[in-house]
Structure formats: structure tokens, C-alpha cells
J.: 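Pasting in a structure now, in C-alpha cells, and then I'll have a few things to ask.
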Number of protein chains: 2
Amino acid sequence: MGRWQPNARERLEHAALELFVERGYESTTAAEIAERAGLAKSTFFRHFTDKREVLFGGQDALNGLFADAIAGAPAGATPVEALGAALAAMAEIFVAERHAWAHRRQAVVMGNSDLRERELLKLAALTEAMADALRRRGVPDPAASLAAELGCLAFRNAYTRWADPANDRHFADVARQELDDLMAATATLTGR
Amino acid sequence: MGRWQPNARERLEHAALELFVERGYESTTAAEIAERAGLAKSTFFRHFTDKREVLFGGQDALNGLFADAIAGAPAGATPVEALGAALAAMAEIFVAERHAWAHRRQAVVMGNSDLRERELLKLAALTEAMADALRRRGVPDPAASLAAELGCLAFRNAYTRWADPANDRHFADVARQELDDLMAATATLTGR
DNA sequence: GCACGCGATGGGACCAAGTCTCATCACGTA
DNA sequence: TACGTGATGAGACTTGGTCCCATCGCGTGC
């Protein structure tokens, strides 16, 4: 077979998404993914601990980028301003070239309960990374985890909007607006 | 075997927690759980769709209780006041008699990644139930999901504190304080 | 008292996820 | 040319989870 051809991991990710779109996640076997990528089942599990994990590569990089952006925000920035800077920094990942891919992937993830579950785990890790970064900025603790939760919600909303096939705005624009909307809503929670 | 003895589901839940505490979640087989409960493996999966699910019974009841309490809050109550009422209503589930059980269960869940993942799914469902209940009260949408997220965070913090073996306060007290702390922290997010 | 139906169970075949071990292969280097 | 290294292939094995069918206890009507 195509043994020793380069980019085994990328080939697996590509074959997986392709098959998931064609037949659905549950009707696709790890062995089939490996086969389409020209590899063996054992090699698949050498690259990914999980069948699900093949759709969640680069998540650690995302967490790191987020945390770095929070750490790198101006010293006088409020927690929410730091979150805004971090969301804006995500735009370098969610560029127009990845838009079609993101949309297909998102449809697969949302269509399966196991994958949604895994996504929640990844988002929880992202939230924890944000909270840690905020604590290192000196934000005390109920506020740090609260702000992280808020940031995560803004990110989720922004990503959902951005990945919509009808969307043509830049991620940074969408994210800024979602965060603003959330902050405006905050004021209404104790009033009325 | 103990065929036809009553409360098969409860026996399975009890046997499962017992075995998980003894040998750990991963080292316990679904067949072993069934055996200790005097049942067959196939019967286990007739009562629980999942091996994990055996630790998450009553979750739907919790969601319903939460949603009902939000719906039943006074007409003039703010979203946060409705959340406070709902958290207080949880005290009828988290009573002193269940404290020891809750602590043992929590230790098992926190000790395994698959179980934490499932817990996140359950908490997401709880959050969604809260958001729906708030929307039915007329709370518009970024605010409803934001308040639900906030309520879920308060619930998580309160549950963690309450389930601590050293704790001897009532759930309602712990929950009220956690919610107050979160609301106080909200004010600091845009300031300083 | 008996036949019948219904719901819960046992038993086991079966598939796929995931683990593990060992042999194999390509490539660089001495 | 021999050797070491790292990635791969092949396949056995365990377990989660599904499915089908026979069996059992119990209630009901006759």
C-alpha cells in the first residue's frame, strides 16, 4: 500500500471527514478510514487515541493561542478586554480558506451525540485554559472562571455564526459583536 | 439467580458504584456489575444505554425540577432571582441522606475522563433546560443562554462544595452564597 | 384449574472500538 | 555493507454494545 508516504496524520483526517460526510460517523469504521488513507487500522490508533479524536486535531494549539493572547493583553486591560483581544487573535486560525472545511466538520459533529460530547470536553478544556490565563493576570477566582465561561460562550456563538455557510464576514468581526451582545445582556440579568 | 427480584435498576446502580469504588471504573466490566446485581450483561444494557449512564440516573428529573422551579418563580422576578429560586428548589434532592452517596459518586466521576465527559453532556442539557425555561418567561436570547450558563456555573460550584465530605451546610445555603458570589464578581469584569 | 398473553430476563452470537505484541520495512549513518 | 531507528502492517485479544430468541413469572379470562 501507500506505505511510507508522507503526512499520514493529515491523510487520515481528510479521509475521515470525507467518509463521515458520505456515510455518517456511526456507519464509518476506523478500519475503513485507515484503508482510504492507505494505512492500517493499527496505524490509525497510533495517531489518534480515539475514533472521535480524528475530528479534533489542533485543539491544543487553539487553547495555547487563546491563553497566550490573554497573557499578552495590555497590562491595564479589564478581564473582558483581554477576552476580546483573545477572540480577535482567533481570526488567524479561522480564515476564509478553512471556512468550507469548518462547516462540513461542524455538521458532522452536531449530527452525532458522541461527537457533541467530545466537543464539550474540548470546550471545557478551553474554558479552563482561559480561566488559568486570567488568574495569572491577577483576576481572583470567582471572577476568573466566570469570565472564562463568558468568553467560551462568546466563542461558541461566534464560531457557530462564522461557520454558517451563508456567512461571509471575518471571524474577528463576528466575535467582537457576539462579545458585545453578551456584555449588554449581562446588564439585564438583575434588572426589569 | 436472583431472577425476578424487584428493583433491578437500583440494584445495578448500587453494585456499579460499589465496584467502581473498589477497583476503579475502567477495571470494572459491565458483566461484573450485572453479576454482582444478580443479573445478566444483556439485562444491564436493557436498563442503561451505556456503562457510564449507570452513574447518571435521575438526571432528567433534575432538569425537570430545575425548569419547573424557574417557570414557577414569581412573575416579577428577574432572571437571576428565578435562578436563585431554582437552585433553592434543588435542596429537596440534595438532602443530608444522599450526602455520602454523592461524595463517593463524585470521586468516581472526577477520577475518569470518560465520566467527566458524560457529566459535561448532562450539564449542557441542564443548561439548555434552564435557558428554555427562561425564554418561556420572556427573557430574550442572548440573556437567556447567558443566565443559564451563569446558573449552571453556580450549580456546579455549589454541588462541589456541598458534596465535599467536610461540608455540613444545607445545599440551599451553599447555593445561595455561590450565586451571590458570582453576581458580585460580574460587576468586576469590566472594571478595574 | 387451565390456557393464554405480556413483560422482564438469560444466553449467546455478533460487530466494532481500542490495546498490545511482534515482525517488517524504509532510511540514514558508520 | 551492516546496523540502528522509527513508522508501519498484521493479527490476536478484551470489552462495550446490539440483536435475536428461548425462557420465566405473573396476571387474566374462561
Side-chain angles (χ1 to χ4, degrees), chain A residues 1-57 108-109 111-119 121-122, chain B residues 1-20 22-57 108-109 111-122:
Chain A
M1 265 296 178
R3 217 185 191 184
W4 301 118
Q5 298 198 332
N7 306 324
R9 190 186 177 91
E10 286 71 23
R11 274 178 347 198
L12 285 167
E13 289 174 343
H14 186 259
L17 183 54
E18 215 172 70
L19 283 166
F20 293 162
V21 169
E22 283 177 21
R23 336 180 177 166
Y25 174 78
E26 292 190 338
S27 311
T28 303
T29 278
E32 291 171 341
I33 300 172
E35 189 188 6
R36 180 165 298 197
L39 295 165
K41 172 188 159 196
S42 51
T43 305
F44 178 93
F45 287 107
R46 206 172 279 121
H47 285 278
F48 304 100
T49 60
D50 241 23
K51 180 181 161 190
R52 309 171 202 163
E53 210 61 24
V54 75
L55 283 175
F56 292 90
V108 171
V109 171
N112 177 273
S113 169
D114 287 347
L115 292 173
R116 269 204 307 269
E117 201 173 356
R118 176 56 51 88
E119 174 133 294
L121 187 66
K122 299 297 187 183
Chain B
M1 265 296 179
R3 218 187 192 187
W4 302 117
Q5 299 198 329
N7 305 325
R9 191 185 175 90
E10 286 71 23
R11 273 186 299 156
L12 285 167
E13 291 175 343
H14 186 259
L17 183 54
E18 215 172 71
L19 282 166
F20 293 163
E22 284 175 21
R23 337 180 178 166
Y25 174 78
E26 291 191 337
S27 311
T28 303
T29 278
E32 292 171 339
I33 299 171
E35 190 189 6
R36 179 166 298 198
L39 295 165
K41 171 188 161 193
S42 51
T43 305
F44 178 93
F45 286 108
R46 206 172 278 120
H47 285 279
F48 304 99
T49 59
D50 240 24
K51 180 180 162 192
R52 307 171 205 168
E53 210 62 23
V54 74
L55 283 176
F56 292 90
V108 172
V109 171
N112 177 273
S113 169
D114 287 346
L115 292 173
R116 269 205 307 269
E117 201 172 357
R118 177 55 53 87
E119 174 133 295
L120 289 172
L121 188 65
K122 299 296 186 181

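So you know, we letter chains A, B, ... as the sequences are listed, proteins then strands, and number each from 1. This is a predicted model, so every value here is computed, not measured. All heavy atoms count here, side chains included; hydrogens, waters and symmetry mates do not.
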J.: Whole Å only: how far is the CD atom of Glu117(A) from the C1' atom of dA17(C)?
T.: 15 Å
J.: Does dA7(D) have OP1 or OP2 sitting under 4.0 Å from an N or O in the side chain of His47(A)?
T.: no
J.: I'd like to know if the side chain of Glu32(B) reaches the main chain of Thr29(B), judged simply by a donor and an acceptor atom lying under 3.5 Å from each other, with no hydrogens or angles considered.
T.: yes
J.: In Å and rounded to the nearest 0.5 Å, what is the CG to CD distance from Asn112(A) to Glu26(A)?
T.: 5.0 Å
J.: Output the distance between atom OG1 (Thr28(A)) and atom CD (Glu18(A)), rounded to the nearest 0.5 Å.
T.: 11.0 Å
J.: Using only side-chain N and O atoms of Thr43(A), determine if any of them is under 4.0 Å from OP1 or OP2 of dG9(D).
T.: yes
J.: Glu26(B) has an atom CD; how far is it from atom C1' of dA17(C), in whole Å?
T.: 14 Å
J.: Here's a test of your reading of the structure: between Ala40(B) and Ala31(A), which maps to the more 5' nucleotide of DNA chain C?
T.: Ala40(B)
J.: The side chain of Lys51(A) is closest to which nucleotide in this list: dA17(C), dG10(C), dG17(D)?
T.: dA17(C)
J.: Find the distance Leu39(A):CG to dG6(D):C1' and express it as a whole number of Å.
T.: 15 Å
J.: Whole angstroms only, please: what is the CZ-P distance between Arg9(A) and dT8(D)?
T.: 11 Å
J.: Measure the distance from CG on Leu12(B) to C1' on dG17(D) and round it to the nearest whole Å.
T.: 15 Å
J.: If you round to the nearest 0.5 Å, how far is CZ of Phe44(A) from CD of Glu53(A)?
T.: 9.5 Å
J.: Over how many whole Å does the gap from Glu53(B) atom CD to dG16(D) atom P extend?
T.: 15 Å
J.: Base, sugar-phosphate or nothing for Ala8(A)? Non-hydrogen atoms, less than 4.0 Å.
T.: sugar-phosphate
J.: On DNA chain D, compare the nucleotides closest to Asp50(B) and Arg46(B); which residue's is nearer the 5' end?
T.: Asp50(B)
J.: Measure from the side chain of Phe45(A), starting at C-beta and using heavy atoms only, and say which of dA17(C), dG10(C), dA10(D) lies closest.
T.: dA17(C)
J.: NA contact type, Ser27(A), heavy-atom cut-off 4.0 Å: base, sugar-phosphate, or nothing?
T.: nothing
J.: What nucleotide, of dG18(C), dT9(C), dG16(D), holds the atom closest to the side chain of Thr29(B)?
T.: dG16(D)
J.: Kindly indicate whether the side chain of Asp50(B), heavy atoms from C-beta on, has any atom under 4.5 Å from the side chain of Phe56(B).
T.: no
J.: Report yes or no: is there a donor-acceptor pair, N or O only, under 3.5 Å between the side chain of Lys41(A) and the base of dG9(D)?
T.: no
J.: Starting at CZ of Phe48(A) and ending at C1' of dA7(D), how long is that distance when rounded to a whole Å?
T.: 15 Å
J.: Starting at atom CD of Glu32(A), determine the distance to atom P of dC15(C), rounded to an integer number of angstrom.
T.: 14 Å
J.: With heavy atoms under 4.0 Å as the rule, sort Ser42(A) into base, sugar-phosphate or nothing.
T.: base
